[in-house]
Amino acid sequence: QVQLVESGGGLVQPGGSLRLSCVASGSIFGIGAMGWYRQAPGRQRELVALITRGGNTNYADSVKGRFTISRDDAKNTVYLQMSSLKPEDTAAYYCNAKYLNSPNTYWGQGTQVTVSS
């Protein structure tokens with residue numbers, strides 16, 4: 001089992017920046033990939049960014065060039081640096097972890113990001 005705790009959300013003006021953090025605890029050695037997803041009201045949850053065990057990254061087209069996913073293995077933490085934020089980035093952001101050699105996936109509780117003037 002892996003527990004994920006997100007933090008860093010809040011209210012920010014358009015064009016501003018936020019850094020989200022996801023701290024993993026528990027059986028972290030089994031994680032194969034971690035990602036950030038978001039869900040806006042009335043919309044499906046969508047993948048924002050993904051980082052694999054090998055360090056490969058993937059981004060949604062809507063955030064390429066603005067968001068960066070990274071990790072600090074010593075701190076068991078994955079980050080999402082968000083810059084040039086737009087109102088359409090407003091959503092609840094969730095951290096996700098997928099195990100190697102297992103169908104199990106785990107979710108954090110989410111952190112709200114609101115981009116508004």
Side-chain angles (χ1 to χ4, degrees):
Q1 290 280 344
V2 172
Q3 293 77 47
L4 306 173
V5 179
E6 304 100 328
S7 63
L11 176 64
V12 63
Q13 294 185 354
S17 299
L18 284 174
R19 189 179 74 163
L20 306 183
S21 299
C22 174
V23 179
S25 61
S27 188
I28 61 174
F29 56 85
I31 297 173
M34 296 189 66
W36 287 96
Y37 292 71
R38 67 186 181 188
Q39 187 168 22
R43 298 185 61 182
Q44 291 289 105
R45 190 171 298 186
E46 64 175 347
L47 176 67
V48 176
L50 179 73
I51 185 165
T52 69
R53 171 171 286 197
N56 296 317
T57 58
N58 297 98
Y59 298 92
D61 288 342
S62 59
V63 307
K64 286 181 179 177
R66 300 188 298 119
F67 291 12
T68 302
I69 188 169
S70 62
R71 69 171 189 248
D72 185 335
D73 292 339
K75 297 180 179 179
N76 298 327
T77 301
V78 173
Y79 302 97
L80 184 68
Q81 178 66 51
M82 306 185 294
S83 300
S84 301
L85 283 162
K86 304 174 181 180
E88 51 263 44
D89 295 318
T90 296
Y93 284 72
Y94 298 88
C95 184
N96 170 268
K98 184 182 183 301
Y99 268 30
L100 289 169
N101 305 314
S102 173
N104 293 343
T105 188
Y106 302 90
W107 295 93
Q109 293 295 109
T111 185
Q112 178 68 35
V113 173
T114 301
V115 185
S116 176
S117 60

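Basis for what follows: all heavy atoms, side chains included, without hydrogens, waters or symmetry-related copies.
Between the Tyr59 side chain and the Ile69 main chain, a donor and an acceptor come within less than 3.5 Å of each other. Although no hydrogens or angles enter the test, the distance criterion places no donor-acceptor pair under 3.5 Å between the side chain of Tyr99 and the main chain of Ala33.
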Problem set entry | Working for side-chain contact (heavy atoms from CB on, under 4.5 Å), residues Trp36 and Leu20 | CA-CA 9 Å; Trp36 287 96; Leu20 306 183; 3.6 Å; yes
Exercise. Going through the checks in order, is the side-chain contact (heavy atoms from CB on, under 4.5 Å) test met by Leu100 and Arg53?
Worked result: CA-CA 9 Å; Leu100 289 169; Arg53 171 171 286 197; 3.1 Å; yes
For this session: For the pair Ser17 and Gln81, evaluate side-chain contact (heavy atoms from CB on, under 4.5 Å) and give the outcome as yes or no after the intermediate values.
Result: CA-CA 8 Å; Ser17 299; Gln81 178 66 51; 4.0 Å; yes
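Taken together through direct or relayed side-chain contacts under 4.5 Å among Ile, Leu, Val, Met, Phe, Trp and Tyr, Val63 and Leu80 form part of one hydrophobic cluster. Follow the hydrophobic side-chain contacts under 4.5 Å out from Val113 and you reach Leu4 in the same cluster.
The shortest heavy-atom contact between Thr52 and Arg71 is O-NH1, 2.7 Å. Of all heavy-atom pairs between Ser27 and Val2, the closest is O-CG2, 3.4 Å. Here the closest heavy-atom approach between residue Thr77 and residue Lys75 is recorded as OG1-O, 2.8 Å. For the pair Met34 and Cys22, the tightest heavy-atom approach, listed with the atom from each and the gap, is CE-SG, 3.9 Å. Here the closest non-hydrogen pair linking Ala24 and Ile31 is CB-CD1, 4.5 Å.
Counting only residues at least two apart or in different chains, salt bridge (Lys or Arg N to Asp or Glu O under 4.0 Å) contacts with residues 90-108 are absent.
Under the side-chain contact (heavy atoms from CB on, under 4.5 Å) criterion, Gln1 pairs with Gln3, Tyr106, sequence neighbours left out. Gln109 meets the side-chain contact (heavy atoms from CB on, under 4.5 Å) test with Glu6; sequence neighbours excluded. Take Arg66 and apply the salt bridge (Lys or Arg N to Asp or Glu O under 4.0 Å) test, not counting sequence neighbours, and it matches Asp89. Partners of Thr105 under the side-chain hydrogen bond (donor to acceptor under 3.5 Å, both in side chains) rule, at least two apart in sequence or in another chain, are Asn96. Listed by chain and residue number, Leu11, Thr114 satisfy the side-chain contact (heavy atoms from CB on, under 4.5 Å) test with Ser116 (two or more places apart in sequence, or in another chain).
Screening Leu18, Val12, Val48 for a side-chain contact (heavy atoms from CB on, under 4.5 Å) with Met82, the sole residue that qualifies is Leu18.
Atom OH in Tyr94 sits 15.0 Å away from atom CG in Leu47 (nearest 0.5 Å). Taken from CG in Asn56 to CD1 in Ile51, the straight-line distance is 8.5 Å, to the nearest 0.5 Å. The CZ atom of Phe67 sits 5.5 Å away from atom CZ of Arg38, with the distance rounded to the nearest 0.5 Å.
Side-chain contact between Gln39 and Tyr93 is absent, with no heavy-atom pair separated by less than 4.5 Å.
By the neighbour-count criterion of 12 heavy atoms within 6.0 Å, atom CD of Gln44 is sparsely surrounded, having that number or fewer from other residues, nucleotides or ligands.
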